[in-house]
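Residue indices begin at 1 and follow the sequence shown. Keep in mind the model is a prediction, meaning the values are calculated, not measured.
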Amino acid sequence: MPVRKNIVITGASSGLGEGMARRFAARGHDLALCARRRDRLDALAAELTARHPGIRVVVRELDVNDHDRVFTVFEELSTELGSLDRVIVNAGLGKGQPVGTGHFTANLQTVRTNFVAGLAQCEAAVAHFRERGAGHLVVVSSFSALRGLPRNLTSYAASKAGISALADGIRADLLDTPIRVTTLLPGYIESEMTGRASGRTPLLAGADSGARALVKAIEREPARAYVPSWPWTPLSVLMRVLPMRLLRRFS
């Protein structure tokens, strides 16, 4: 398996992105960390380079909804690091309200961030990989992408289903090339996004164990992975066949 030395992580200032950055740094990877909160990126970069002096960490302030900026930043990072070996499309948004209840703006923001901005990141990354003839695209979707879900999850699940389908299509287009595409479907992992619901969220994995499971899955470079594997892999079978009335009850 190729060595993926230089790794880009979007949404790296907190949550899953921050957790993955810590784990990859410990494994000796050079990192390019992107997020809107530059101060948090700078603090994280300083911590990681102090703890792991042999690695290089560069940061860029980036709002992934600024699509032109996504392409510019990825090009800058490619020049600065020499190449981009793996890009993890992780930046996302979890807000949402039931459709038709007067919260179109919140739902639109979720879809734009998780799907349209995800497309921009995939376009920028895969263009670079096509030019190099190598690379690993990682798309962080969600277990909720498997079914349409009710209430506050409706737009979120739809946006994650969209980015999953996008990754599947990119993978199909790149078959028989050295470019790999991985779709991650995390279950409940402790983060800023799940924080407000942590007291009532079943099967919630801790942030550290969740990041460890994500990085372990990414390094294997599978086409698709449920994270953590237990219990989300067996639950994926149930998720597809559960009657909608029961699905609504437990969502």
* Using the rule that two of Ile, Leu, Val, Met, Phe, Trp, Tyr join whenever any of their side-chain heavy atoms come within less than 4.5 Å, decide whether Leu77 and Ile7 are in one cluster. =>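 Leu77 and Ile7: separate clusters.
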
* Asked: Linking I/L/V/M/F/W/Y whenever their side-chain heavy atoms sit closer than 4.5 Å, directly or via other members, would Val227 and Leu16 fall into one cluster?
  -> yes

Working to the nearest 0.5 Å, report the span between [atom1] of [X] and [atom2] of [Y].
X: Glu123; Y: Phe74; atom1: CD; atom2: CZ; result: 11.5 Å
X: Leu81; Y: Glu76; atom1: CG; atom2: CD; result: 11.5 Å
X: Glu80; Y: Asn6; atom1: CD; atom2: CG; result: 10.5 Å
X: Leu41; Y: Cys34; atom1: CG; atom2: SG; result: 7.5 Å
X: Leu235; Y: Arg240; atom1: CG; atom2: CZ; result: 11.5 Å

What are the two closest non-hydrogen atoms of [X] and [Y], and how far apart are they?
X: Cys122; Y: Leu166; value: SG-CD2, 4.1 Å
X: Thr182; Y: Pro222; value: OG1-O, 2.6 Å
X: His67; Y: Ala120; value: CD2-CB, 3.9 Å
X: Gly11; Y: Ala91; value: N-CB, 3.7 Å
X: Asn114; Y: Gly92; value: OD1-CA, 3.2 Å
X: Gly96; Y: Asn107; value: CA-OD1, 3.3 Å

* Residues that Phe24 engages under ring-ring contact (aromatic ring centres under 6.0 Å, His included), provided they are two or more places apart ->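 If we apply the ring-ring contact (aromatic ring centres under 6.0 Å, His included) test to Phe24, skipping adjacent residues, the hits are His29.
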
* To do: Go through the structure and list residues passing ring-ring contact (aromatic ring centres under 6.0 Å, His included) with Phe143, not counting sequence neighbours.
  =>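 Counting only residues at least two positions away or on another chain, Phe143 forms a ring-ring contact (aromatic ring centres under 6.0 Å, His included) with Trp232.
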
Side-chain touch [X]/[Y], heavy atoms, less than 4.5 angstrom:
X: Ile218; Y: Ile88; result: yes
X: Phe115; Y: Thr110; result: no
X: Val64; Y: Gln121; result: yes
X: Thr113; Y: Asn65; result: yes
X: Ile170; Y: Val126; result: yes
X: Tyr156; Y: Lys95; result: no
X: Leu149; Y: Thr154; result: no
X: Leu31; Y: Val59; result: no

May I ask you to decide if [Y]'s main-chain N or O and [X]'s side chain share a donor-acceptor pair within less than 3.5 Å?
X: Thr101; Y: Gln97; value: no
X: Asn90; Y: Val140; value: no
X: Asp30; Y: Ile55; value: no
X: Ser78; Y: Leu84; value: no
X: Arg36; Y: Asp63; value: no

Checking [X] now: which residues fulfil salt bridge (Lys or Arg N to Asp or Glu O under 4.0 Å) with it, not counting sequence neighbours?
X: Arg4; answer: Glu221
X: Arg22; answer: Glu18, Glu47
X: Arg112; answer: none
X: Asp208; answer: Arg23, Arg212

* Does CG belonging to Asp39 count more than 12 external heavy atoms closer than 6.0 Å? -> yes

* Asked: Counting heavy atoms not belonging to Arg132, are there more than 12 under 6.0 Å from its CZ?
  -> yes

Which residues share a side-chain hydrogen bond (donor to acceptor under 3.5 Å, both in side chains) with [X], sequence neighbours left out:
X: Arg147; answer: none
X: Asp66; answer: none
X: Asn152; answer: none
X: Ser229; answer: Thr233

* To do: Using a strict cut-off of less than 4.0 Å between a Lys/Arg side-chain nitrogen and an Asp/Glu carboxylate oxygen, indicate whether Glu61 and Arg37 qualify as a salt bridge.
  =>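 No salt bridge links Glu61 with Arg37.
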
* To do: If a pair satisfies side chain to side chain donor-acceptor pair (under 3.5 Å) and one of its residues is in residues 160-178, list it, with sequence neighbours excluded.
  => Arg130-Asp173, Ser141-Ser164, Asp168-Arg171, Asp168-Arg224, Arg171-Thr183

* Which other residues belong to the hydrophobic cluster containing Leu108, where Ile, Leu, Val, Met, Phe, Trp and Tyr are joined when side-chain heavy atoms lie under 4.5 Å apart, directly or via other members? ->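 Noted: Leu108 shares its cluster with Phe104.
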
